[in-house]
Protein chains: 2
Amino acid sequence: MEDYLKSLWKLGPKDVGTQELADNLNVTPASATKMILRLTEKGLVDHIPYKGASLTKKGELEALSVVRRHRLLETFLSQTLGLGREQLHEEAEKLEHALSKNLENAIAEYLGHPTRDPHGHPIPGPNGELYNETDLPLSDSPMNMVLTVMQVPDNDSNILSWLENNQIHPGVQLMIVSRDVFDGGLNVTIGNQKIRISSSIASLVKISFEDGS
Amino acid sequence: MEDYLKSLWKLGPKDVGTQELADNLNVTPASATKMILRLTEKGLVDHIPYKGASLTKKGELEALSVVRRHRLLETFLSQTLGLGREQLHEEAEKLEHALSKNLENAIAEYLGHPTRDPHGHPIPGPNGELYNETDLPLSDSPMNMVLTVMQVPDNDSNILSWLENNQIHPGVQLMIVSRDVFDGGLNVTIGNQKIRISSSIASLVKISFEDGS
DNA sequence: GACGTGGTTTAGTCGCGGCTAATATAAAGT
DNA sequence: ACTTTATATTAGCCGCGACTAAACCACGTC
């Protein structure tokens, strides 16, 4: 239920098709339809049959609350237990539904009310406030400029391990030296290393032009 | 489900009646019966109809695993977030079902494999090993001896707050100076304070004769 | 030894969140 | 316009964990 809201948020704000939603949650389209009906009933979702579904204001706030819990948990587990970025998502996924408001507050307090999680994703405020929407996909970034990695994906531990092995994580600086005309792959320098990043991965890494520290 | 195992463990090792179990979990006896049947089916519980239920070896291990997760979580939340003893139980109760083996291990590691939680309750090992079964109820303890508080209850935040307010928590030393003949209430010195502890509360506090530090 | 009472179980229902199989719809191709 | 095809929905089922109401059993009492 909370998972559906989260997925709708992640896939939104456009209307999300049943199939797309179902794929995202690893359930069948029939299950997704049923849930969409339930959520519509509760006023969390607007649904146009055979068209798609999107969150209402109320649904969006719910979704942001889940996302907040998720990202606070990731930050907390990283900070205390020192879990690697590849492990965080999976664990937070399980715990987020069981996190009380009290504990959410205590964790936020403990962490000093962080605005980014260990993947660089912005953490919504207690009332759904979101900042930091200005980061750019690495795949769309200009060449020969110093770029600061701001965000890496959180949900694919394979990609994440690869990035980690190549020293790519939030805060790191790099520069695009060339771009492959055919497949969009990037040749990048990072420190004194040169690596190649496929365009599919590059589209998942977000950067800014400022010093991200 | 895990809650049923935990309750059966807590109320055992004797046969537990449907009513008693249902009361403990705040459900109706009918619900308890149904669950007992399911657990029997799975080989976690032995059930004699109209008599009672008790854990099998397999069920006990399951139960101990839940207890371990619960107590590790309490310890972890206390240690990191500094939550008060009264709040720990409730929060751990929610999270325990969502704690993966991985995270359980990471937390145990982080805490240095503790054997007691903040209430002094023993934490079962990863394979269900339990020590520290020698602590005595304060209500049964001799007078005029230095006693060390080892365990306080975890599940009643009112009692816990009262104990906390009177400086009674694991590690504290006290002495029984007199015992009320009629109601079993205890007069106790703790530091230079004298307080009275009702027999019902005293039966929930466990002590040892050794220095508990 | 029948009788009543309290605890136990069964029967039937509900909401949640899944599934499969069958049906309905919208959009695109001929 | 008609048919194909992809996508959505409905219908009907299952397991979990709760509930109420009704039947059932065991035990102590008379």
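Within every chain, numbering begins at 1; the chains are lettered A, B, ... in the order of the sequence lines, protein sequences first and strands thereafter.
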What's [X] touching, base or sugar-phosphate or nothing? Going by heavy atoms closer than 4.0 Å.
X	answer
B:A30	base
A:K51	sugar-phosphate
A:T18	sugar-phosphate

Review point. Okay, side chain of A:R179, backbone of A:S139: is any donor-acceptor separation there less than 3.5 Å?
Key: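 A pair under 3.5 Å: yes.
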
Does the side chain of [X] get closer than 4.0 angstrom to OP1 or OP2 of [N] through an N or O atom?
X	N	value
A:T33	D:dT9	yes
B:H47	C:dT9	yes
B:K42	D:dC16	yes

Separation of atom [atom1] in [X] from atom [atom2] in [N], rounded to whole Å:
X	N	atom1	atom2	result
A:Q19	D:dA8	CD	P	6 Å
A:I48	C:dT25	CD1	P	17 Å
A:L5	C:dG17	CG	C1'	14 Å
B:E20	C:dT8	CD	P	9 Å
B:L37	C:dT9	CG	C1'	8 Å
A:L39	C:dG18	CG	P	11 Å
A:Y4	C:dG17	OH	P	8 Å
B:H97	D:dC16	NE2	P	16 Å

Review point. Just one of A:H119, A:H89, A:H121 clears the ring pair (Phe, Tyr, Trp, His ring centres under 6.0 Å) bar with A:H70, so which one?
Key: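 Of the listed residues A:H119, A:H89, A:H121, the ring pair (Phe, Tyr, Trp, His ring centres under 6.0 Å) partner of A:H70 is A:H89.
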
Check your understanding: Hey, are A:E104 and A:K101 close enough for a salt bridge, meaning a charged N less than 4.0 Å from a carboxylate O?
Key ->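 Judged by the 4.0 Å cut-off on N to carboxylate O distance, A:E104 and A:K101 do form a salt bridge.
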
Review point. Once the angle between the rings of A:F76 and B:F76 is folded into 0 to 90°, is it parallel (under 30°), tilted (30 to 60°) or perpendicular (over 60°)?
Key: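 Tilted.
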
Check your understanding: With respect to the side chain of A:R38, which nucleotide from C:dT9, D:dC13, C:dC16 is positioned closest?
Key ->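 Among the listed nucleotides, the one closest to the side chain of A:R38 is C:dC16.
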
Point to revise | Out of D:dG17, D:dA18, C:dA24, whichever nucleotide has its closest atom nearest the side chain of B:M1 | key: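 That would be D:dG17.
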
Review point. Does a sphere of radius 6.0 Å around NZ in A:K51 hold more than 12 heavy atoms from other residues, nucleotides or ligands, not counting ones at 6.0 Å or beyond?
Key: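 No, the 6.0 Å shell around NZ holds no more than 12 heavy atoms from other groups.
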
Exercise for review: Assign each of A:P49 and A:S31 to its nearest nucleotide of DNA chain C by heavy atoms, then name whichever residue's nucleotide is nearer the 5' end.
Suggested key: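 Here A:S31 is the residue nearer the 5' end.
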
